[in-house]
Amino acid sequence: MSYIEQSSIEHTAALITSTGDQPPWSPEEFEALLREKGTSYHIYHPFHVMMAEGKLTREQLQGWVANRFYYQISIPVKDAAILSNCPDRAIRREWIQRILDHDGFEIGDVKDPGGIEAWVRLGEATGLSRDDVTSLRFVAPATRFAVDAYINFARQRPWQEAVASSLTELFAPHIHQQRLDTWPTHYPWVDTAGLQYFRNRLTQARRDVEHGLRFTLDYFSQSRAMQQRALDILQFKLDVLWAMADAIMLSQCKVAIVGPRKGARDE
Ligand SMILES: O=C(O)c1cc(C(=O)O)c2c(n1)C(=O)C(=O)c1cc(C(=O)O)[nH]c1-2
């Protein structure tokens, strides 16, 4: 059964009322199980391991940045889907900050270009042009499929499930810090000003996850079955990130073996 079939709205309702054989885990046990999922975070994917060890070529690092831009522009769309499904004003007031973080804003004298713009500057710091990044011409088809699965999940599933799917951010500060620590040594040709995106996310991700985790621990604690559902959702999102890394790695291999796809890189 697929993630989505497994979790029809009727099924979610059944999970709430299900007594099951076992009582719910305590909040501490449940949180520990969510955190244990970090063992399959994409920081352990061979492509990210190579990145951290300085083994990527310039073209491979550029390929990662260009592909990841599709994730960057999709995050606020995903967050807008959550807002559109959520009737709870208090949740929406907190959640909307995520869209501002990525899209940026200008309110009176206060301006923030936002995370998407910071990612374009990261691309420029690696030697790509703004158009190389924003045109999406280097994005591999399977990267789109993986990222679109995440957007579709947020559109189609109850907003509480979509909130839980953001919890991979529990593990994100570590990978951002790893890049800040290793890139200047391994990839000295990358302008360090371009690493600002990673610096910004250290605090933003911790704040986001504090909110998302508090909500998930509370909402999904009504039964053991619901807690298991939250763990499965987190696994789905880990798989999205892993699949994205697979897609990026394979697209870089193909470039090396058979040359660029027509319409990409040779333009
Ligand atoms: O660079 C990364 O490895 C990484 C991972 C993740 C994540 O774990 O989902 C996010 C980000 N970065 C990130 O920058 C970001 O803004 C973000 C938002 C979300 C989300 O699910 O809402 N994940 C992530």
Side-chain angles (χ1 to χ4, degrees), residues 34-35 37-45 47-52 61 64-83 86 91 94-104 112 114-123 126 143 146-155 157 159-183 194-213 215-216 230 233-249:
L34 289 165
R35 288 186 186 278
K37 289 274 177 193
T39 52
S40 48
Y41 196 50
H42 64 175
I43 197 170
Y44 302 111
H45 188 282
F47 192 80
H48 286 287
V49 172
M50 284 175 70
M51 186 187 292
L61 196 66
W64 176 73
V65 173
N67 270 271
R68 255 292 295 262
F69 187 68
Y70 190 63
Y71 188 60
Q72 301 309 127
I73 58 173
S74 299
I75 289 169
V77 174
K78 177 273 294 182
D79 287 320
I82 294 179
L83 288 186
C86 176
I91 296 279
E94 281 204 58
W95 206 266
I96 202 166
Q97 183 61 45
R98 296 175 187 236
I99 296 181
L100 299 177
D101 286 344
H102 287 279
D103 283 342
D112 175 358
I116 292 175
E117 176 59 24
W119 197 272
V120 173
R121 291 180 193 171
L122 173 66
T126 66
T143 303
V147 175
D148 289 349
Y150 186 30
I151 301 180
N152 288 334
F153 183 86
R155 285 190 174 136
R157 299 302 313 152
W159 63 270
Q160 297 92 337
E161 294 198 358
V163 168
S165 71
S166 72
L167 285 188
T168 46
E169 279 215 276
L170 274 169
F171 318 116
H174 184 192
I175 200 167
H176 292 313
Q177 188 63 57
Q178 186 186 64
R179 294 171 192 139
L180 288 165
D181 292 341
T182 60
W183 283 30
L195 305 183
Q196 190 57 40
Y197 179 84
F198 303 134
R199 288 187 206 100
N200 295 345
R201 287 310 297 173
L202 290 177
T203 38
Q204 290 171 351
R206 288 195 176 101
R207 181 212 54 212
D208 287 356
V209 91
E210 199 271 317
H211 179 222
L213 182 62
F215 176 84
T216 303
I233 290 166
L234 182 53
Q235 187 61 52
F236 156 75
K237 172 65 177 311
L238 287 160
D239 292 351
V240 165
L241 295 175
W242 196 271
M244 212 192 318
D246 279 347
I248 295 169
M249 189 156 126

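As the structure lists them, so they are numbered: ligands from 1, and atoms in each ligand from 1.
Shortest contact from atom 22 (O) of ligand 1 to any protein heavy atom: K78 NZ, 2.6 Å. At the top of the distance list for atom 16 (O) of ligand 1, counting protein heavy atoms only, stands H102 CE1, 2.9 Å. At the shortest separation from atom 8 (O) of ligand 1 among protein heavy atoms lies Y41 OH, 2.7 Å.
Taking any N or O of R68, backbone or side chain, at least one lies under 3.5 Å from an N or O belonging to ligand 1. Among the atoms of Q72, none of the N or O lies under 3.5 angstrom from an N or O of ligand 1. Distances between N or O atoms of R98 and those of ligand 1 include no value under 3.5 Å. For S165, no nitrogen or oxygen atom sits less than 3.5 Å from a nitrogen or oxygen atom of ligand 1, counting backbone and side chain alike.
With a 4.0 Å cut-off on non-hydrogen atoms, D208 does not touch ligand 1 at all. Contacts between T168 and ligand 1 below 4.0 angstrom, taking non-hydrogen atoms only, involve backbone and side chain alike. In F171, neither the side chain nor the backbone holds a heavy atom less than 4.0 Å from any atom of ligand 1. When heavy-atom distances to ligand 1 are checked against a 4.0 Å cut-off, H48 has no atom that comes that close, whether in backbone or side chain.
Close approach of ligand 1 to Y197 is summarised as follows: ligand atoms under 4.0 Å from at least one heavy atom of the residue are 13 (C), 14 (O), 15 (C), 16 (O).
Ring pair W183/W64 is perpendicular by interplanar angle, where above 60° counts as perpendicular and below 30° as parallel.
The closest donor-acceptor contact from the side chain of R98 to the backbone of D208 lies under 3.5 Å.
Put simply, the side chain of V77 reaches to within 4.5 Å of the side chain of R155, judged on heavy atoms.
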Should W119 and Y71 be marked as a ring-ring contact (aromatic ring centres under 6.0 Å, His included) after you check the CA-CA gap, both sets of side-chain angles, and the distance that decides it?
CA-CA 11 Å; W119 197 272; Y71 188 60; 8.9 Å; no
